[in-house]
Amino acid sequence: MKVLKFGGTSMANAASISKVAEIINSDDRARFIVVSAPGKREPGDIKVTDLLYECIEARDREGVCDAALEKIIRRFDEIIKGLDIKLDLTPEFNVIRDQINGGAGRDYASSRGEFLSGIVAAKLLNARFVDAGDIIRFDMEGNFDSETTNRLVGQRLVGSDRVVIPGFYGKMPNGKVKTFSRGGSDVTGAIIARGVGAEIYENWTDVDGFMTVDPRIQEDPQIIEMLTYKELRELSYMGANVLHPESIFPVRKADIAINIRNTFNPSAPGTMIVPTKKYMSGQYTRTDRTITGIAGKTDFAAIYVEKSLMNSELGFARRLLKILERHNILLEHLPSGIDTMTVVIDAANLCPEDINAVLREINEELSPNNVEYVEGIALIAVVGHGMNRKKGTASRVFGALGDADVNIRMIDQGSSELNIIIGVENGDYKKAIRAIYAEFNK
Ligand code: ADP
Ligand code: ASP
Ligand code: MG
């Protein structure tokens with residue numbers, strides 16, 4: 001029995017939802033269906049989730065969300081008409097309007113896209129609708145509560161006929177709705193797969209599989225036939241947003257493989273994401289590849305600290321990291337030399353006051369010879385288990401970047417030899433990715 005998750009593009013309009021129904025109805029093992037909110041119908045369109053965030057902004061600005069909500073009502077009307085089903089969402093929209101106008105928060109509002117999408121899909125498929133709020137649990141701090149959830153999923157779903165579950169959200173013990181971060185319906189699908197003990201978790205999207213590199217950067221990249229949980233984690237965390245970086249944790253607990261598939265080309269086999277140990281021990285056919293994929297993100301910042309004899313100063317790294325912790329700053333990477341240490345942080349959510357305070361405290365508490373702060377850094381990860389069996393991979397990466405005239409600002413190689421992380425300037429980001437791709441696809 002399978003869990004199938006359909007993303008925003010698959011749920012975007014009546015035509016795509018009809019394809020979703022065909023896929024489900026032609027597969028006897030398609031038992032548990034997780035759906036996203038309707039996404040973009042064409043480039044430039046607005047996802048229902050974003051329209052719901054706009055409802056909150058309209059409410060805060062004008063006192064009510066009615067006009068903003070109208071756009072969402074129209075989108076669902078169009079879907080229901082196109083699918084030719086008998087369904088009236090007026091009562092649901094009345095509740096949503098009252099809740100938002102009465103002060104409900106962003107998590108509640110944004111979760112309603114998946115909620116409504118789930119009701120539509122259940123009606124179309126003649127399946128039971130189970131609200132994610134009844135089975136996906138968060139604690140009072142808003143952290144996902146995996147074990148309570150797993151128990152509830154087992155109790156409510158195991159042994160059921162076909163069920164539709166909305167993705168992206170759950171509830172806290174006080175009944176408040178809480179969502180995962182953006183793209184979180186992937187996580188819901190993985191949680192359901194673990195909870196019901198699925199044979200496979202199929203994640204249906206709008207591309208033929210996980211590609212060696214983001215298709216929006218490199219035209220027509222290769223599809224990766226198979227990758228491991230570990231490779232997926234590295235690539236998705238570093239920006240390959242075809243799958244949410246946290247979707248790996250639930251399935252990993254139960255050794256369930258993920259199959260990325262294309263709703264718009266269902267005959268393509270897609271990408272299999274398999275348990276690392278089984279792959280490494282030869283239980284699957286391994287392709288002889290040096291690197292598996294390349295991913296990256298822009299807008300990081302680096303704090304570069306230099307101090308002679310840093311290596312013999314007990315607790316230096318701990319004191320440096322303590323300063324960041326005090327300011328609630330998450331660390332992304334920590335490349336170091338004998339007398340230098342670089343702290344790479346995500347600059348998107350930082351305010352200048354925090355950075356100034358951090359730099360001042362580093363000077364006061366660590367007495368370094370030099371501290372520099374650099375913004376506008378892009379990180380690129382080159383990932384693959386094959387790298388530790390092939391000599392010279394790093395030099396090929398650096399050679400390709402040198403030939404493309406890309407200035408390397410930072411290098412960090414994980415001890416597992418599963419990845420090489422390179423920091424370049426934001427402006428060189430795409431050029432660098434294309435250069436590395438070209439080097440390994442000659
Ligand atoms: P869904 O709405 O189905 O969840 P997403 O938009 O979240 O789909 O993810 C699919 C998109 O991820 C693709 O359309 C593609 O543009 C993008 N993407 C980024 N990196 C990759 C990659 N390495 N392989 C495939 N797609 C990628
Ligand atoms: N609808 C949510 C988002 O746009 C969750 C998802 O699609 O996975 O982020
Ligand atoms: Mg997604």
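Whatever order the structure lists ligands and atoms in, that order sets their numbers, starting from 1.
When each of Tyr108, Phe129, Phe168 is paired with Phe115, the ring pair (Phe, Tyr, Trp, His ring centres under 6.0 Å) condition holds for Phe129 and for no other.
Residue Gly167 places no heavy atom under 4.0 Å from ligand 2. The closest approach between Gly113 and ligand 2 stays at or above 4.0 Å for every heavy atom of the residue. Taking 4.0 Å as the cut-off, Glu114 counts as a neighbour of ligand 2 on heavy-atom distance. Residue contacts with ligand 1: Gly209 is included, with a non-hydrogen atom under 4.0 Å away. Under a 4.0 Å heavy-atom criterion, Pro215 is in contact with ligand 1. Using a 4.0 Å heavy-atom cutoff, Lys40 is absent from the residues neighbouring ligand 1.
When hydrogens are left out, the protein atom nearest atom 8 (O) of ligand 1 is Thr205 OG1, 3.1 Å; that is the closest non-hydrogen contact. Scanning the protein for heavy atoms near atom 14 (O) of ligand 1, the closest one is Asp206 OD1, 2.8 Å. Here the heavy atom of the protein found nearest to atom 7 (O) of ligand 2 is Ser36 OG, 3.2 Å. The protein heavy-atom contact nearest to atom 4 (O) of ligand 2 is Arg182 NH2, 2.9 Å. Gly8 N, 2.9 Å is the protein heavy atom nearest to atom 2 (O) of ligand 1. Protein heavy atom in closest approach to atom 24 (N) of ligand 1: Met211 N, 2.9 Å.
By the 3.5 Å distance cut-off applied to N or O atoms, Ser185 is counted among the residues near ligand 2. Ligand 1 has no N or O atom lying under 3.5 Å from any N or O atom of Thr212, backbone or side chain. Checked by distance only, ligand 2 and Ala37 stay at 3.5 Å or farther apart across all their nitrogen or oxygen atoms.
Contacts with ligand 1 closer than 4.0 Å are made by heavy atoms of both the backbone and the side chain of Val242.
Checking atom 26 (N) of ligand 1 against the protein gives a heavy-atom contact under 4.0 Å.
For ligand 1, the atoms lying closer than 4.0 Å to a non-hydrogen atom of Arg216 are 16 (O), 17 (C), 18 (N), 19 (C). Residue-ligand proximity, Thr49 to ligand 2, at heavy-atom distances under 4.0 Å covers atoms 1 (N), 2 (C), 3 (C), 4 (O). The atoms of ligand 1 that sit less than 4.0 Å from any heavy atom of Lys5 are 4 (O). Close approach of ligand 1 to Val207 is summarised as follows: ligand atoms under 4.0 Å from at least one heavy atom of the residue are 13 (C), 14 (O), 25 (C), 26 (N). When each atom of ligand 2 is checked for a heavy atom of Lys47 under 4.0 Å away, the hits are 4 (O). With ligand atoms numbered from 1 in the order given, ligand 1 contributes 23 (N) to contacts under 4.0 Å with heavy atoms of Val213.
Ring centroids of Tyr169 and Phe138 are separated by 6.0 Å or more, keeping the two rings apart.
Smallest separation of non-hydrogen atoms from Thr205 and Val242: CG2-CG2, 4.3 Å.
With respect to Lys5 and Asp186, a salt bridge is recorded, a charged nitrogen being found less than 4.0 Å from a carboxylate O. The existence of a salt bridge linking Asp428 and Arg409 is excluded, since no basic side-chain nitrogen approaches an acidic carboxylate oxygen closer than 4.0 Å. A salt bridge between Arg106 and Asp60 is absent, with no side-chain N of the basic residue lying under 4.0 Å from a carboxylate O of the acidic one.
In this structure, the side chains of Asn419 and Met238 stay at 4.5 Å or more apart for every pair of heavy atoms. Counting heavy atoms from C-beta outward, Leu334 and Val343 have side chains that approach closer than 4.5 Å. Annotation: side chain of Lys71 is not in contact with side chain of Ile46 (no heavy-atom distance under 4.5 Å). Contact check for Ile217 versus Tyr429: side-chain heavy atoms found under the 4.5 Å cut-off.
Nearest residue to atom 7 (O) of ligand 1 from Asn241, Leu235, Asp208, Thr9 is Asn241 (criterion: closest heavy atom).
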